[in-house]
**Q** 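Could you have a look at this structure, given as structure tokens, before my questions?
Note that these values count all heavy atoms, side chains included, but never hydrogens, waters or copies made by symmetry. Positions are given from 1, in the same order as the sequence printed here. These numbers were taken from a predicted model, which means no experiment stands behind them.
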Amino acid sequence: MKSNKAVWEEFERLSSYLKPPETRCPNIKCISNTDPSIEQSFKKRGFTHSGTQRFQCLHCKKSFSAGDGTRTHRRPEINIRFFDLLMIHAPLRKIAKHLNISQKTLYDKIDFLHRQCMNFVADREKRLIDGKLKLDRLYLATDRQIQITNWTRREDKRNTELYGIGTACLRSGYVFAFNFNFDAHLTQNEIELLALENGDNDKPKHHRTTARIWLTDEFEAATKRKKQKAEQPAFTLYDAAAQRSAEEATVGDTSTSEDFDETTQLPPKGVLIHNEYTMMGHFMLVKHLLQHVGKTRFYMDQDSGMKNAYLSIFKQNIVDENSDGFLVRSVKNLSVDEKRRALAETNRMIYAMTGRPRQDLTSKEYRDLVNGLIASDLNNLVTVPKSTERWLTYPVATMPEPEKIVAAVTNITKYDEMHQANLYRKASLHAIDRFFMVTRRDMSLMERPFSSATNKSRTWNGYSAYNPAMLAKLGDIYRVYFNYVNTNDKGKTPAMRLGLAKGPVAAEKIIYFGKY
């Protein structure tokens, strides 16, 4: 069981960028902040020397400015260059040295860019929420990425693991959300005090006031449990699927996918969110963004927590036959040569069946051929131990996914045979996996860390973040860059292909959004 209140709190956190900024008194002791029944009340009180509007709180008489920070930059001319450097894998220290700015200025500019990117994307994505962009149906890929931050004390060389979940459109590549299970606006001490005041340690987890946040004692108990055994080499994808199902069955709580041990710790700043609440909040956010889309089809990595989060949030859509979900498991450790051999085998099979090379087939002919192969196997679906799903072997190979199996988690037998085959044919995680790949390549802080046999499974990377908040901010910034600025070989961005942009968006239009 889960706390509905905690799920809503997480959704509110993840969707906060969609709400217009609210002017509030900065005095935390002001009665308007301590008493929910008292409304915020201000009067204008002139301007700052840089022209920013000032206000005075009518309750505590404190004066403050409500500027967005764009006027306080002493060197605003470097903002565009700074944005570009962030996107090309330049380490933060080298960016600061190249632009001759201090570390404080560097982090202030990241905060500024993050605010502007969120304001910009909120303005664009309101077209989805308001139904101004008409979309009949969307095919979506959802997967997770694990990010590891460096330890901050030599005496305690434990890492912090964050789980980032993302959902991307298979056709356009547009990434609708990329969320981490981390909240930088709270501190562990205040959460521990809140839990103590409410007696949370003596309550079931789903009844706690702090249900969505990891408490210190709770986390330490989780790290002392026997870590799941490392995956044994599997001979086939079905063996791998069965192994994953068996591991999840031993956990007990199939709604979560977290796996901590003695090498991990809570973040030094902010608080760690239970991953299942972030996954449910993520699906609620995607559902909110796509509320006017006719039908949705989700293709997810084999993960019981992710599957359960989808089934919980989209329950009514599934009942109304407006949404379906699938699990996808593919081989990801093949070399390029092995992938090419798998592709060549598929090409030989197609030539034997049609008498024509694959490249000579039209798109429709290729789709019909694959659909026919899938339809012929619909009566031969495979059930693996400890799993309720029935899996289908994908009949053709592609370079991103040379070998994969697919299972429906919703009832699709209500559709005719060719409709079912078409849904299986579209199964892929390539859109979101590609986003994760280029994020690691383009963002130095998100580069995959390394470990060795001599450091007892500890990981450290000179470019990795020490503050988990930086991962969340840079993930947001890169999502906006990826969707609206970065073009493919045809000069198209994901936002253009989806319909949220008419052309590539210049970086300065994002950086100075709302200024003019």
**Q** Is it the case that atom NZ in Lys490 sees more than 12 heavy atoms from other parts of the structure closer than 6.0 Å?
**A**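 No, because the 6.0 Å sphere around NZ of Lys490 holds 12 heavy atoms or fewer from other groups.
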**Q** How far does NZ of Lys307 sit from CD of Gln302, to the nearest 0.5 angstrom?
**A** 9.0 Å
**Q** Could you tell me whether a side-chain N or O of Arg479 sits under 3.5 Å from a main-chain N or O of Phe176, the two making a donor and an acceptor?
**A** yes
**Q** So, do Leu392 and Ile405 sit near enough that their side-chain heavy atoms are less than 4.5 Å apart?
**A** no
**Q** Find out whether Ile273 and Phe180 are in side-chain contact, i.e. whether some heavy atom of one side chain is under 4.5 Å from a heavy atom of the other.
**A**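 Contact flag for Ile273/Phe180 side chains = no.
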**Q** Between His89 and Asp442, does any side-chain donor sit less than 3.5 Å from a side-chain acceptor?
**A** no
**Q** Pairing donors with acceptors under 3.5 angstrom, does anything connect the side chains of Asn79 and Tyr512?
**A**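 Asn79 vs Tyr512: donor-acceptor pair found between side chains.
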**Q** Counting only N and O atoms by type, is there a donor-acceptor contact under 3.5 Å from the side chain of Arg440 to the main-chain atoms of Met446?
**A**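 The answer is yes, because a donor-acceptor pair under 3.5 Å joins these two groups.
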**Q** For the residue pair Tyr107 / Asn467, report whether a side-chain donor-acceptor contact shorter than 3.5 Å exists.
**A**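 The answer is no; no qualifying pair exists.
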**Q** Under the 3.5 angstrom rule, does the side chain of Tyr481 hit a backbone N or O of Phe83 as a donor-acceptor pair?
**A**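 Checking the backbone N and O of Phe83 against the side chain of Tyr481, no donor-acceptor pair under 3.5 Å is found.
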**Q** Under a 3.5 Å cutoff, is there a donor and acceptor pairing between the side chains of Tyr351 and Arg356?
**A** no
**Q** Have Glu10 and Thr278 got a donor and an acceptor in their side chains that come within less than 3.5 Å?
**A** yes
**Q** Go through the steps for Asp416 and Gln420 under the test side-chain hydrogen bond (donor to acceptor under 3.5 Å, both in side chains), then give the verdict.
**A** CA-CA 6 Å; Asp416 63 58; Gln420 295 180 50; over 6 Å; no
**Q** Could you check whether Glu276 and Asn181, counting side-chain N and O atoms only, form a donor-acceptor pair closer than 3.5 Å?
**A**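 Asn181 vs Glu276: no donor-acceptor pair found between side chains.
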**Q** Would you say the side chain of Trp8 lies within less than 4.5 Å of the side chain of Met280, judging by non-hydrogen atoms?
**A** no
**Q** Side chains of Glu39 and Ser32: is there a donor and an acceptor less than 3.5 Å apart?
**A** no
**Q** Would you say the side-chain atoms of Tyr139 and Ser428 include a donor-acceptor pair closer than 3.5 Å?
**A**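 Not at all, the side chains of Tyr139 and Ser428 share no donor-acceptor pair under 3.5 Å.
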**Q** Under 6.0 Å from the NZ atom of Lys269, do we count more than 12 heavy atoms belonging to anything else shown?
**A**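 Open: at most 12 neighbouring heavy atoms sit under 6.0 Å from NZ of Lys269.
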**Q** Verify the distance criterion only: is there a donor paired with an acceptor across the side chains of Gln147 and Tyr163 at less than 3.5 Å?
**A** no
**Q** Are the side chains of Thr142 and Asp301 in contact, using a 4.5 Å heavy-atom criterion?
**A** no
**Q** Could you please spell out the steps behind the salt bridge (charged side-chain N to carboxylate O under 4.0 Å, His left out) verdict for Arg115 and Asp111?
**A** CA-CA 6 Å; Arg115 288 196 304 271; Asp111 290 341; 5.7 Å; no
**Q** How far apart are the C-alpha atoms of Asn33 and Gln40, what are their side-chain angles, what is the distance that settles it, and do they pass the side-chain hydrogen bond (donor to acceptor under 3.5 Å, both in side chains) test?
**A** CA-CA 8 Å; Asn33 288 324; Gln40 299 277 332; 3.0 Å; yes
**Q** Val382 versus Arg390: any side-chain heavy-atom pair under 4.5 Å?
**A** no
**Q** Could you walk me through whether Tyr17 and Asp476 pass the side-chain hydrogen bond (donor to acceptor under 3.5 Å, both in side chains) test, one step at a time?
**A** CA-CA 10 Å; Tyr17 75 96; Asp476 286 337; over 6 Å; no
**Q** If you draw a 6.0 Å radius around NZ in Lys492, do more than 12 non-hydrogen atoms from other residues or ligands fall strictly inside?
**A** no
**Q** Does one side chain, of Thr167 or His282, offer a donor that lies under 3.5 Å from an acceptor on the other?
**A** yes
**Q** With a 6.0 Å cut-off (strictly less than), is the heavy-atom count around CZ of Arg127, excluding the residue itself, greater than 12?
**A**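 Yes - once you tally the heavy atoms of other residues, nucleotides and ligands closer than 6.0 Å, there are more than 12.
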**Q** Is the Phe482-Tyr174 ring centre distance short of 6.0 angstrom?
**A** no
**Q** For a 4.5 angstrom cut-off between non-hydrogen side-chain atoms, does Thr160 reach Phe182?
**A** no
**Q** Looking only at the aromatic ring of each residue, does the gap between the centers of Phe436 and Phe178 stay below 6.0 angstrom?
**A**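 Yes, they do, as the ring centres are separated by less than 6.0 Å.
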**Q** Under 4.5 Å between any side-chain heavy atoms of Leu471 and Met443, yes or no?
**A**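 They are not in side-chain contact.
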**Q** Is the number of heavy atoms from other residues, nucleotides or ligands under 6.0 Å of Arg434 CZ greater than 12?
**A**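 Open: at most 12 neighbouring heavy atoms sit under 6.0 Å from CZ of Arg434.
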**Q** Would the Phe298 and Phe314 ring centres measure less than 6.0 Å apart?
**A** yes
**Q** Taking all non-hydrogen atoms of both residues, which atom of Leu170 and which atom of Ala141 are closest, and how far apart?
**A**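 Between these two residues, the closest heavy atoms are CD2-CB, 3.7 Å.
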**Q** Given the rule in the side-chain hydrogen bond (donor to acceptor under 3.5 Å, both in side chains) test, do Thr296 and Ser323 qualify, once you have shown the distances and angles that lead to the verdict?
**A** CA-CA 5 Å; Thr296 55; Ser323 186; 2.9 Å; yes
**Q** If you define the side chain from C-beta out and look only at heavy atoms, does anything of Leu86 sit under 4.5 Å from Leu92?
**A**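 They are in contact (side-chain heavy atoms under 4.5 Å apart), so the answer is yes.
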